[in-house]
Amino acid sequence: MTNSTSKHVTPNSSPASRRAFLGRLVAIGGMAGTLGTSKIAAAAGSSTTNDVILRPRLDLGLYRVRMEMDVKGNVNLTKDPLLALTAKPSTKQQLPITAKVALDYEERYLRPKNADMESPIVAAERHYHSAQGVSRLSRMDQTTELRDNLGLVVARRDTLPEAIYASDDYLNHDELDLLRTPIASVALDRLLPTQTLSIGEKVALDANDLASAFNLSGVVKSDVEISLVSNDASNAKLQFQGKMDGSVSGVPTQLRVLGKLTFQHSSRTVTWAAVAIHETREIGMAEPGFDVTATIRMIRKPLEKPQVLPSSAVAIDFDSPPPSDRMLMTVDCEKIGVSALLDRRWRIMQDGAGQAILRMIENEQSIAQCNLRALPRLPEGNQLTLEAFEADVQRTLDKQLDQLVRSEEQLSDSGLRVLHVTATGDVEGIPIQWIMMHFSDDSGRRVQATLTMEGESVNDLNGSDVQLAASLQWAGPAVTAGEENDLDPAEKSGLDGTETASSAGQQLRLDAADLVDPSKNRPEHVISASDLPTTKR
């Protein structure tokens, strides 16, 4: 919902209906691709003050996009992320962050068969020529680059923010974060007003169009307005500015935006954009909060034919959600030296010496916890028996245990021997289910996984325990005995099944001078859109 409306918008005229009306005007006589281009340019060129209607070509669906982003500000997080999911208080800390991201990709828009050309784009397939991000969080530097073997990447926009997956491999969290952009190139043309524009006239932008363009789950309040700055035979230049309140996957966020667009008359599309965003997002259960300013520069070039993308578009079942097997994610626990394919709702909360703690979180609700713990090696050729593992589970759970409901031994896809025990019990009056798995090989290397959840949350796992058992594999050297001895008693227990596991670990030390004041770079402190960093148009 927006806070203001344009004087040209009548109460009974929705943005979708106006777009459809304009689309029918353009399509009359089968000239959707050619009608009006020269006439619009000629009319625009006759006087820079003439009113103009910007009609993007609806049949364009193939682009080359180059995007650069600069981010500066602070990341906000709890010192103990595990306490963020409990009623226990946890102090917060700020970490200064800077980042630079460069993306170069080819993009093809996809619609359901017989879809209205005026309807929003609900999917896109992309080939990334390059995708790289360089960031510094406090004093830690990180470089993330998309792997070359990922091939085709699909973005489903049925629900927002868009769901991204690769067709030939599995993305990890760093790659997902790299490809999730604060501006969606797919939705830029939808920011164009559908009515006649006069120089300097301000028009309120639709909340749904803003959510799509800024990759938000929704916008509940906005005063963002767009206006025509200039118009000549070649280009129309527009500027938008304002603030909006929205959410991303259940986490509230506030944005202040200032940007400018260039609409090219010859191609009838937005070919250039520069946007400054100051975003303040609250701390979520699975994600940190932040207070950052991002500057985005984008160039879009319509293509007549694919350069690298296949000649035929990828087949998508629009009546079904994204395929679950492609929405798995590679999770790497480097300090333990294991990796696995898991549901994307799983996030690493702690990756310390000898132990990692993961949480399954959906819409700000905690579903389950998984403790992965490196165990001391057994002599080569020796293996723990299923009976011994059952006894260990019973001894550790002690009075919390009600019964063992399942015990089995299996061989994983990676060749590891897996002991699988499921137990039920009670913790402070709450029904709890534990799923314990012991992974080992003939070398004596061992890792234990403990999944803990309330009884009513078991169905929400959607087979995550089976997926973990099948996909876990060694991804690095085993933990040494010295590293195992560094664990505190709460971390060594592993099978506690409660919220008491420690995650203190090593905290980053900050000087006051390291913190950034993002308010100095907020859009309202930029005098005009021309003050934004630009690239050659």
Side-chain angles (χ1 to χ4, degrees), residues 1-2 4-6 8-9 13-27 32 52-63 65 67 107-112 115-124 126 155-162 181-197 202-219 222-228 235-242 244 246 255 257-265 267-275 277 296 298-302:
M1 179 178 68
T2 54
S4 59
T5 57
S6 166
H8 293 287
V9 181
S13 178
S14 67
S17 63
R18 293 195 301 277
R19 290 184 187 274
F21 173 72
L22 292 175
R24 287 192 292 272
L25 287 180
V26 174
V52 64
I53 300 178
L54 303 178
R55 301 172 181 171
R57 276 185 58 178
L58 304 179
D59 59 329
L60 291 180
L62 187 65
Y63 288 87
V65 180
M67 186 185 308
E107 181 173 58
R108 176 161 49 201
Y109 301 163
L110 304 175
R111 291 185 177 92
D116 186 345
M117 291 292 286
E118 291 289 342
S119 61
I121 305 298
V122 292
R126 298 168 183 155
R156 288 285 296 269
R157 297 177 57 83
D158 314 61
T159 59
L160 294 173
E162 61 188 24
T181 58
I183 291 288
S185 53
V186 170
L188 273 187
D189 286 331
R190 296 195 68 83
L191 293 179
L192 298 172
T194 58
Q195 61 263 50
T196 301
L197 292 176
K202 294 182 179 181
V203 178
L205 286 175
D206 178 71
N208 291 329
D209 292 337
L210 286 170
S212 181
F214 288 91
N215 253 328
L216 303 174
S217 298
V219 172
S222 166
D223 64 6
V224 181
E225 294 179 321
I226 192 168
S227 61
L228 181 66
N235 301 306
K237 296 182 179 181
L238 304 97
Q239 177 175 314
F240 60 87
Q241 185 172 4
M244 65 184 98
L255 288 80
V257 299
L258 171 63
K260 55 182 179 178
L261 309 173
T262 295
F263 178 86
Q264 187 181 71
H265 290 305
S267 62
R268 286 177 33 214
T269 192
V270 173
T271 57
W272 181 88
V275 184
I277 304 172
I296 303 104
M298 185 190 306
I299 296 175
R300 298 167 78 223
K301 178 183 178 181

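Below, each value reflects all heavy atoms present in this structure, side chains not excepted, and no hydrogens, waters or symmetry copies.
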Could you check whether any side-chain N or O of [X] sits under 3.5 Å from a backbone N or O of [Y], counting only pairs where one atom can act as donor and the other as acceptor?
| X | Y | value |
| --- | --- | --- |
| Thr269 | Thr271 | no |
| Asn235 | Lys237 | no |
| Asp189 | Val270 | yes |

*Go through the structure and list residues passing side-chain hydrogen bond (donor to acceptor under 3.5 Å, both in side chains) with Arg108, not counting sequence neighbours.*
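Only Glu125 meet the side-chain hydrogen bond (donor to acceptor under 3.5 Å, both in side chains) criterion with Arg108.
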Search all heavy atoms of [X] against all heavy atoms of [Y] and return the closest pair with its distance.
| X | Y | result |
| --- | --- | --- |
| Arg156 | Ala123 | CD-CB, 4.0 Å |
| Ser267 | Arg57 | O-CD, 3.8 Å |
| Gly218 | Ala211 | CA-CB, 4.1 Å |

*asked:* For a side-chain contact (heavy atoms from CB on, under 4.5 Å) check, start with the C-alpha distance between Gln264 and Trp272, then their side-chain angles and the critical distance, and finish with the verdict.
replied: CA-CA 9 Å; Gln264 187 181 71; Trp272 181 88; over 6 Å; no
Are the side chains of [X] and [Y] in touch, meaning some heavy atoms are under 4.5 Å apart?
| X | Y | result |
| --- | --- | --- |
| Val122 | Pro112 | yes |
| Tyr109 | Leu60 | no |
| Leu216 | Leu160 | no |
| Arg55 | Leu192 | no |

When rounded to the nearest 0.5 angstrom, what is the spacing between [atom1] in [X] and [atom2] in [Y]?
| X | Y | atom1 | atom2 | result |
| --- | --- | --- | --- | --- |
| Leu191 | Ile183 | CG | CD1 | 7.5 Å |
| Arg268 | Leu54 | CZ | CG | 10.5 Å |
| Leu188 | Thr262 | CG | OG1 | 11.0 Å |
| Met244 | Asp223 | CE | CG | 9.0 Å |
| Leu238 | Ile226 | CG | CD1 | 4.5 Å |
| Leu58 | Glu118 | CG | CD | 4.5 Å |

Of all residues at least two apart in sequence or in a different chain, which pass the side chain to side chain contact (heavy atoms under 4.5 Å, CB included) check with [X]?
| X | answer |
| --- | --- |
| Thr159 | none |
| Pro182 | Met69, Ile277, Ile296 |
| Val65 | Tyr63, Tyr105, Glu107, Ser185, Met298, Arg300 |

*Apply the test side-chain contact (heavy atoms from CB on, under 4.5 Å) to residues Val219 and Phe214: give CA-CA distance (whole Å), side-chain angles for both, the deciding distance (0.1 Å), then the verdict.*
CA-CA 10 Å; Val219 172; Phe214 288 91; over 6 Å; no
*Under the salt bridge (charged side-chain N to carboxylate O under 4.0 Å, His left out) rule, collect the residues that match up with Glu162, sequence neighbours excluded.*
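With neighbours one apart ignored, the set is Arg126, Arg157.
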